[in-house]
Student: 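Here it is: the structure, laid out below.
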Amino acid sequence: MKTDHLLFGAAYYSEYLPYDRVEKDMALMAKAGMNTIRIAESTWSTIEPQDGRFDFTHLDKMLAASAKYGISVIVGTPTYAIPTWLSKKYPDILAVTDHGANIYGARQNMDITHAGYRFHCERVIRAIMEHIRDVPHIIGFQLDNETKSYGTAGPRVQAMFVEYLKEKYPDLETFNHEFGFDYWSNRINAWEDFPDVRGTINQSFAAEFAKFQRLLVTDFLKWQADIISEYKRPDQFITQNFDFAWTDHSIGYQPEVNQYEAANATTVAGCDIYHPSQSLLTGEEITFCGNISRSLKKDNYLVLETQAQGNIAWLPYPGQLRLQAYSHIANGANSIMYWHWHSIHNAIESYWKGVLSHDFSENETYREACTIGDDFKRIGAHIKNLKKKNRVAILLDNNSLTGLRLFPIGELGEHSYNAVARWIGDTLYRMNIEYDMISSAERDFSSYDCVIAPALYSASDALLDALTGYVRNGGHLIATFRSAFCDEQLKIHCDMQPHILHECLGIHYDQYTYPQNVQITLSDGSKSDCKCWMDMVCCDTARPLFFYEHPAWKPYAAAAVNEYGQGSALYLASMFDQHALEKVLRDYFNSFSPEVLANSDCHFPVIIKDGTNDFGKNVRFYFNYSDTEQHVVWNGCSGTELLSGASATDGDTLRLAPWGFIIVEY
Amino acid sequence: MKTDHLLFGAAYYSEYLPYDRVEKDMALMAKAGMNTIRIAESTWSTIEPQDGRFDFTHLDKMLAASAKYGISVIVGTPTYAIPTWLSKKYPDILAVTDHGANIYGARQNMDITHAGYRFHCERVIRAIMEHIRDVPHIIGFQLDNETKSYGTAGPRVQAMFVEYLKEKYPDLETFNHEFGFDYWSNRINAWEDFPDVRGTINQSFAAEFAKFQRLLVTDFLKWQADIISEYKRPDQFITQNFDFAWTDHSIGYQPEVNQYEAANATTVAGCDIYHPSQSLLTGEEITFCGNISRSLKKDNYLVLETQAQGNIAWLPYPGQLRLQAYSHIANGANSIMYWHWHSIHNAIESYWKGVLSHDFSENETYREACTIGDDFKRIGAHIKNLKKKNRVAILLDNNSLTGLRLFPIGELGEHSYNAVARWIGDTLYRMNIEYDMISSAERDFSSYDCVIAPALYSASDALLDALTGYVRNGGHLIATFRSAFCDEQLKIHCDMQPHILHECLGIHYDQYTYPQNVQITLSDGSKSDCKCWMDMVCCDTARPLFFYEHPAWKPYAAAAVNEYGQGSALYLASMFDQHALEKVLRDYFNSFSPEVLANSDCHFPVIIKDGTNDFGKNVRFYFNYSDTEQHVVWNGCSGTELLSGASATDGDTLRLAPWGFIIVEY
Amino acid sequence: MKTDHLLFGAAYYSEYLPYDRVEKDMALMAKAGMNTIRIAESTWSTIEPQDGRFDFTHLDKMLAASAKYGISVIVGTPTYAIPTWLSKKYPDILAVTDHGANIYGARQNMDITHAGYRFHCERVIRAIMEHIRDVPHIIGFQLDNETKSYGTAGPRVQAMFVEYLKEKYPDLETFNHEFGFDYWSNRINAWEDFPDVRGTINQSFAAEFAKFQRLLVTDFLKWQADIISEYKRPDQFITQNFDFAWTDHSIGYQPEVNQYEAANATTVAGCDIYHPSQSLLTGEEITFCGNISRSLKKDNYLVLETQAQGNIAWLPYPGQLRLQAYSHIANGANSIMYWHWHSIHNAIESYWKGVLSHDFSENETYREACTIGDDFKRIGAHIKNLKKKNRVAILLDNNSLTGLRLFPIGELGEHSYNAVARWIGDTLYRMNIEYDMISSAERDFSSYDCVIAPALYSASDALLDALTGYVRNGGHLIATFRSAFCDEQLKIHCDMQPHILHECLGIHYDQYTYPQNVQITLSDGSKSDCKCWMDMVCCDTARPLFFYEHPAWKPYAAAAVNEYGQGSALYLASMFDQHALEKVLRDYFNSFSPEVLANSDCHFPVIIKDGTNDFGKNVRFYFNYSDTEQHVVWNGCSGTELLSGASATDGDTLRLAPWGFIIVEY
């Protein structure tokens, strides 16, 4: 979605304030140049304190004060945290999961398929929409928040799952065969015999249930969007706050939601991205996760939540709040919305701090936010709605992610899929190669010079055929170990590996192990360890790049390139050190599209991002992700440093302060 | 409580003996100079083998034999472990906790509020008291044992909790506001809507429940004491065996009991202290925990349990059993009671060994105990009832402890509170500064030169006002990071931090983080890492002692001293190495009360303890907590080495054997 | 059991095939020289897809194809994995364990005492036996698979346990005393009062329940064997696939089965052994576990399962598959049966790979298996039915194993027993001393020069008397720390330790601890750390070998030898480095039987195994467990290298390739 101006602001909860200071807060925001708040999400118990009794006091006050200070509003439906009275009325509204029945307390504890939940959701959403339908400065709506199935797996949900299976696999014989239920006597010979999926040792069955649970999310968001759409004005957007796979921060693609399908319910993609800070701030998560969000609608996206002070370990160094904000914008985001304005005085997120600390004083973080707001007013028009044209794309697939959670790649554990995808993505990032994401549902890859399939464990034949066709017609494919290994039911293929792709890759293998003391030597003589996995690759038509250095495994290639049709394909049979992957990628890209490497003379910690702005001009960002001053040389046509207004002329040396950045429009 | 003589002995369970040897055991005890046994606690199933059928055989035999050998008896009520028949009669007598319903087996598994439990407790206590009321050599009674709520949280207990809340917060609006229940839609708009507290994500609510659970303990002990009091003679004491926060040994203040309130039910404080031994024996736990016990009644206390052989890792080196015994006495204890006499031949504590091993032979530990008993007979009168006059006190607070379990200080984890308190206490100890503990319920601190508030996370305004007043009137306060941060409901203050105390401390802060590669430089040029936490302190009127050495955080002070009124205050904004804390404390104490440092020329592993005995004489203990001989010089008036009878004259060099000690009366 | 030829083959499941290729598979097996498959175990849901409806299609097809290719068949009863319909019919057929009620999914999830389970087991077994009774090439039957009680502990099973206790301890008074139930008020004063054993803190009670659970296994196998016996021909064997204690591979004696008793139901012992591979392949598990299996019937045994490719980390280096196969045979196995033929395409063991990978191509592993099959045809007759005559035996005891799971030896944790047993066994192995195992039920040890009792924590007086008598009559006993410490109810002895054995050992102790910085010095001046445990041994008549080097523990011996009667005994009071144990053992064996050390000039990684074949000839195997070529000198009478046919003459140097081996018949 294109926007008139960059949205800058924070989630705001007057409900959580220790005393009434809505007007003061809005004044402080306006002073900081903030122009948008996001409200109402997760406040059901104040909006509807008792069954059917509605109270819009907080909503009205926030809407009035924001109007007064010229601040726009995004309203979230409050449904992702249920009130106490609702769980008392329907004790079974709390989801039954792998861990048994939830008890009340946390958000996202309910069964999103429960009719009672749906009834009350709809009523409260309609009540809110009726109440606010005429408010002009509401610019959009957020459906629920970070919606998932929350692992709902109670008897009723499992019965729904069996109905879904009946529909998809009407013949039990086929079903048993495809899922391999003969194993360990798990065969299901009557629809009545379905066992509790929570106990299964059959990963195909578990993965199908995960797929079904993702459908529940898609359905739920579509259902909410349909309700909202009955009320919203054409100029108001609908978004969802998609979040990401998580350790103690956002790390990659979300396992529990098919965001590509779910995003159909929205008019603009939204997301929250949280990342390490201080000396661990790299911009990798901002780029990797942001690229996912940009790919959902193939358009600019909203950062609906990101950290201001964030959690205790993330208090930004001076300069980092600015660096982070511009990193999002440079990546195609049209908003910086902090979670959240004020730090909360009770409960579990008391130390997930907002722009303001608990004392509401103007602190360092607020002061730095003010400079962002000021600058956005000055130069925002030049950096919003940035258009990207990337030559490289990474293919993402939920079912492969699930598959590698169930069958982890050794030490990479439950995050195996994202670890491999990040290994690729972060290496591109550090080489200053911008990349897109594409859904595994795509079949046309022709707009890209190169498509990368990291750990595409599960794939349909149609997808593999499409990738093969892409190469045949001149495309360039990079596939890693653990790709094309099994079908969409996680049934491992019983023919040559990698299934179908072995043709365009020109290789095959039938064995693999974990590397122990295995190395490779690159063409420049440098060495790398092999890590986590190694396929024993035999080259059929491919050219091996290097072999495993180990007495037992030396006959096998660790990477190989194959010319196929009009294109070529590269297979990475193991995981290498980053410098080794960079070398391999550089050589490979050079072989068919040196343009991919256009910005690769610079290297992390200096990061370059390019885009085209609403004026049709090029905008280039230079970021310094280090505490050391960096210098870059400006080459090419004359431009303007947007922040300072200085001109940039061919050959100029640009100075990047520690954790600093420069933007040139040209 | 003052005692006629030091109590020396062990817990004794004739019930657990593999064969009858009560007479033999008593003879062995008498031979070792032991004069007291503690019996009956946890033996309900032998005393009342079936409902209403009492059997005092064991009791009578132990009482008779102990009388014969001149051994006094402390009788514990047997209620902390219920018999099988009782749990069969009332299946719901077993507590429901966070982990679900207990099943029978362990001690302390019952719901102490259950009326059936109370009924049977009372009946068995009265039966015992009736039976033993005329026994002259019973010197006192122990209420139950290590009593806690054991996490009882079943529906009935939660209903009691709601009643307690109704009483305390009659207005639900206030209640919701104070506890911040609007957050995540947790608002409770009707008393009927109360959710299961076990699922809460609201730490204020969880902490209030912990507070309520501590009240259950106070009430239970009071109720038992009232029953006992109907029977006991005036010369008989009532005690409780208070234990401490626990890792694999006693580490600090008990989270589950408000010992200051609970001790009201007793006439003398009792405790058990278990500590590392062998090369890890330092005396720190004996001092820290013993100081807590001494503070409960502001009087001498009883060590009702401590290790003889203890668990497998604790088998004492030669000399250590003596060293430990005198360390307790030097700290104000009037008893050394081992847990336990004989090692148990079955069940979970089989390797928590007593004085005797399983073979009942006279082993090394017994032989060393004999020397203790002999010496107590000779010199016990000179070292019992020691009076202390300490200049420094550490303030203890249960709710802060709970608060920092729920919001741990980073890597310090669930023991954050005690880690900070021990950091202070153990540093004082190693500097040979003896200290008292004081309850956070105290308001008058005027008897101390210095009060230290470690991690006083939660505090009432009244307490903070009292501390401020104390400084204003000439007192000296040391406060650490994480103090005065939130109110008694763990609601974080919304004004300047540290709340109220910022005035006397002369500083404020609004941000904090975990230190990574942050150092300080002390005035002597030495350096220390900052660990675990760092407040970004701005000095208002205070004088910074040093600043953080880090590019991002250098504007902020890591410690600061403020003159305020007639007194002064020191703020420690981070956790330093022990040598750095010693330097800071030394400088600070020197600035107002060099007397605090009177014994600080000696340093751990040589530890000095002082007291005044019943003869009004000073007694000084020198302990050597190392395997290396140590020497100290005796300065001052002439005295007598109590154990050897030698005289100590000014300038004498006293030799401390490895793990040895010397006591001088002067 | 003696066999006509070595059995070589794999578990085979046509049920699991992605497409019908039974004929192809049999042809491939025959080509590899395979002569046996094991089928049907765990395929209940295909054999009886609905209650009472049987379908022998798969069975018939496999039997027909195997007949055609001359492949023998072992048929397993399918009862160790129940079909979905059975768990639907009897929801309570799923066992209730310490973790609550099982849910359907995994194998081995049922209550093996459930009458409904037994009814359906019997019916399906009889149906199969009826169907296959005339098939000539079925050579034997396997009862169930890796049978255990699976922790079944529901109310009905506990009621059975109480009945068992009533029988065994008719007098409750005795029962309470022996189990020490007075402790913590656990006394059971009426049979109705029995608490849930799952909550017990009484290890004697827990161990008795474990003993009872082992009886359930013995009974179950006996019951199945009786059914099979009604049908089987005299030439058909009955076996059971006994497995071992497990970490991520087989490590030692199985805690949950008394294999010595359970093996009574079989005519030949069978087992599965899985072990680390690649650089971690040592042969230790093959030897230790294989020795157990050989001891069950005191005869040759069947390896019913072992790894081909195995799991991902185990892909064998070139040569290792051969090395492993011959290691089993050299140890007295008469079969090498891989688990399994083809890698499975779905579910939890998809990456526990068979001979073939998922693509069914002839891979490296298959090719190496072909060489094994070829060689077995040539020389198998010379190496089958190998007879062993070992001079040393290790005594194994289930209850000691249980005891040391409940009371672990410090850091050795739940595998304490096997850790000590393996410490001994693996040291013997590395010294090239072959050893037998013997059951603790044995009383006659006279056929051995030396009996070793590692960590014999629990023992009957009868056993200890027998061991003492064995020494008195000229035997040689090695006992380690933690031996003879408690009786069969895990009640710790209350007399001198080690109970009874102290007499023949000539030592006693009454204290012990964990060693910290404790060393010993051997007679050759080398040093070793003491690890995990140290008894404070006083030598009565024994000669100390060395004392603990530590200021506190120096009076105590760490090992001591005692002459007693006609024999001698060695006590190991602590755990030493392997080199130190080798030195001690070498000296000790030398003192009475240098023949024990006959092969000890060679040392791991070169391993020697000896046996006598059906021709009455000696067969010696030299194995090289390293990636470095090794050389050994052939001493003695002339022989023939079986594989090459070359002659071996006194003084010849034999070359062992990396991971290679040589077999000499002489």
Side-chain angles (χ1 to χ4, degrees), chain B residues 13 15-19 42-47 49-50 53 58 78 80-88 94 102-107 109 278-280 309 312-320 342-351 353 356-365 627 658, chain C residues 98 100 172 176-190 192-207 406-410 485-487 489-497 499 508-517 533-534 536 550-553 555:
Chain B
Y13 309 97
E15 298 85 350
Y16 301 175
L17 286 171
Y19 57 91
S42 85
T43 61
W44 194 340
S45 74
T46 27
I47 286 173
Q50 289 284 275
R53 182 156 63 75
H58 281 287
Y80 102 125
I82 62 170
T84 50
W85 59 260
L86 185 54
S87 86
K88 283 281 168 179
L94 296 168
N102 284 339
I103 58 176
Y104 186 84
R107 62 189 178 183
N109 52 11
Q278 299 189 357
S279 63
L280 302 174
Q309 296 184 73
I312 295 166
W314 296 348
L315 184 69
Y317 292 164
Q320 291 190 329
H342 84 268
S343 301
I344 300 175
H345 298 76
N346 295 82
I348 197 170
E349 290 184 317
S350 295
Y351 291 95
K353 291 180 70 188
L356 301 188
S357 291
H358 299 99
D359 65 353
F360 298 98
S361 70
E362 299 188 15
N363 60 22
E364 277 303 305
T365 303
D627 57 6
Chain C
D98 280 1
L172 263 182
N176 276 295
H177 181 265
E178 182 58 37
F179 284 73
F181 275 126
D182 288 349
Y183 172 79
W184 276 6
S185 201
N186 272 199
R187 193 173 176 81
I188 299 163
N189 294 296
E192 296 68 40
D193 287 351
F194 259 83
D196 190 333
V197 65
R198 296 176 303 167
T200 196
I201 48 73
N202 184 303
Q203 284 82 355
S204 294
F205 195 39
L406 297 167
F407 292 116
I409 303 176
F485 200 73
C486 54
D487 71 12
Q489 283 72 43
L490 296 196
K491 190 176 196 72
I492 297 171
H493 291 294
C494 58
D495 59 359
M496 184 177 280
Q497 290 287 1
H499 180 66
H508 75 275
Y509 65 89
D510 55 35
Q511 298 194 315
Y512 36 78
T513 189
Y514 301 129
Q516 295 288 340
N517 300 316
W533 191 270
M534 58 190 298
M536 303 301 172
H550 184 279
W553 315 129

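Quick caveat, the model's predicted, so the values are computed rather than measured.
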Student: Take B:Ile348 and C:Trp184 through the side-chain contact (heavy atoms from CB on, under 4.5 Å) test and state the conclusion after the steps.
Tutor: CA-CA 10 Å; B:Ile348 197 170; C:Trp184 276 6; 3.7 Å; yes
Student: Taking side-chain hydrogen bond (donor to acceptor under 3.5 Å, both in side chains) as the test, write out the residues that go with B:Glu362, two or more places apart.
Tutor: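 So B:Glu362 forms a side-chain hydrogen bond (donor to acceptor under 3.5 Å, both in side chains) with B:Lys31.
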Student: Given heavy-atom pairs under 4.5 angstrom as the criterion, report whether the side chain, backbone, both or neither of B:Ser87 touches chain C.
Tutor: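 No part of B:Ser87 comes within 4.5 Å of chain C.
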Student: Are the side chain of B:Asn363 and the backbone of C:Asp510 linked by a donor-acceptor contact shorter than 3.5 Å?
Tutor: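 No, the answer is negative, given that no donor and acceptor are paired below the 3.5 Å cut-off.
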Student: To the closest 0.5 Å, what do you measure between CH2 (B:Trp85) and CD1 (C:Ile188)?
Tutor: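 It is 14.5 Å, given to the nearest 0.5 Å.
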Student: Roughly how far, to the nearest 0.5 Å, is the OG atom of B:Ser45 from the CZ atom of C:Phe181?
Tutor: 10.0 Å
Student: Sort out for me which of B:Leu315, B:Leu86, B:Ile103 touches chain C most, counting heavy-atom pairs under 4.5 Å.
Tutor: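 Most pairs with chain C among the choices: B:Leu315.
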Student: Is it the case that the side chain of C:Thr200 and the backbone of B:Gly105 share a donor-acceptor pair, with hydrogens and angles ignored and the cut-off at 3.5 Å?
Tutor: no
Student: With chain C, which of B:Pro318, B:Ala81, B:Pro316, B:Ala347 has the greatest number of heavy-atom pairs at distances under 4.5 Å?
Tutor: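 Answer, by heavy-atom pair count under 4.5 Å with chain C: B:Ala347.
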Student: I'd like to know if the side chain of B:Asn346 and the backbone of C:Glu178 have a donor-acceptor N/O pair within less than 3.5 Å.
Tutor: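 A pair under 3.5 Å: yes.
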Student: When you check the side-chain N and O atoms of B:Glu364 and C:Gln511, is any donor under 3.5 Å from an acceptor?
Tutor: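 Not at all, the side chains of B:Glu364 and C:Gln511 share no donor-acceptor pair under 3.5 Å.
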Student: Check step by step if side-chain contact (heavy atoms from CB on, under 4.5 Å) holds for C:Arg187 and B:Thr46.
Tutor: CA-CA 7 Å; C:Arg187 193 173 176 81; B:Thr46 27; 3.9 Å; yes
Student: Considering only heavy atoms, which portion of B:Leu356 lies under 4.5 Å from any heavy atom of chain C: side chain, backbone, both, or neither?
Tutor: neither
Student: Residues in side-chain contact (heavy atoms from CB on, under 4.5 Å) with B:Leu280, at least two apart?
Tutor: B:Pro276
Student: Which atoms form the tightest heavy-atom contact between B:Lys88 and C:Phe194, and what is the distance?
Tutor: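 Looking at all heavy atoms of both residues, the shortest contact is NZ-O, 2.8 Å.
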Student: Where does B:Glu15 contact chain C at under 4.5 Å (heavy atoms): side chain, backbone, both or neither?
Tutor: both
Student: Please determine, among C:Cys494, C:Pro551, C:Ala206, the option with the most heavy-atom pairs under 4.5 Å with chain B.
Tutor: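 Maximum pair count with chain B is reached by C:Cys494.
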Student: Classify the side-chain pair C:Asp193/B:Gln50 by whether it contains a donor and acceptor separated by less than 3.5 Å.
Tutor: yes
Student: At what distance, to the nearest 0.5 angstrom, does OG of B:Ser361 lie from CD of C:Gln497?
Tutor: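 Going from the OG atom of B:Ser361 to the CD atom of C:Gln497 covers 10.5 Å.
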Student: Do B:Gln278 and C:Thr513 get their side chains close enough for a donor-acceptor pair, meaning under 3.5 Å?
Tutor: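 Judged by distance alone, the side chains do pair up.
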Student: Would you say C:His177's side chain and B:Pro18's backbone share a donor-acceptor pair under 3.5 angstrom?
Tutor: yes
Student: Would a 4.5 Å heavy-atom cut-off, applied to side chains only, mark C:Ser185 and B:Ser42 as touching?
Tutor: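 Answer no - side chains too far apart.
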Student: Heavy-atom distance under 4.5 Å to chain B: side chain of C:His499, backbone, both or neither?
Tutor: neither
Student: I need the C:Met534 CE to B:Ile312 CD1 distance, nearest 0.5 Å.
Tutor: 13.0 Å
Student: Counting heavy-atom pairs closer than 4.5 Å to chain C, which one of B:Asn102, B:Ile82, B:Thr43 comes out on top?
Tutor: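 Of the candidates given, the most pairs with chain C belong to B:Ile82.
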Student: Please determine, among B:Gln309, B:Glu349, B:Gln320, B:His342, the option with the most heavy-atom pairs under 4.5 Å with chain C.
Tutor: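 The residue among B:Gln309, B:Glu349, B:Gln320, B:His342 with the greatest pair count is B:Glu349.
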Student: To the nearest 0.5 angstrom, please state how far the CD1 atom of C:Ile201 sits from the OH atom of B:Tyr104.
Tutor: 8.0 Å
Student: Please identify, among C:Pro515, C:Gly410, C:Cys486, C:Gly199, the residue contributing the most non-hydrogen atom pairs under 4.5 Å to chain B.
Tutor: C:Gly199
Student: For C:Asp196, is it the side chain, the backbone, both or neither that has a heavy atom under 4.5 Å from a heavy atom of chain B?
Tutor: both
Student: Would you call the rings of B:Tyr351 and C:Trp533 parallel, tilted or perpendicular, taking 30° and 60° as the class edges?
Tutor: perpendicular
Student: Could you check whether atom CG of C:Asn517 has more than 12 heavy atoms from other residues, nucleotides or ligands sitting under 6.0 Å from it?
Tutor: no
Student: With rounding to the nearest 0.5 Å, note down the distance linking OG in B:Ser350 to NZ in C:Lys491.
Tutor: 9.0 Å
Student: For B:Thr365, which atoms come within 4.5 Å of any heavy atom of chain C: side chain, backbone, both, or neither?
Tutor: both
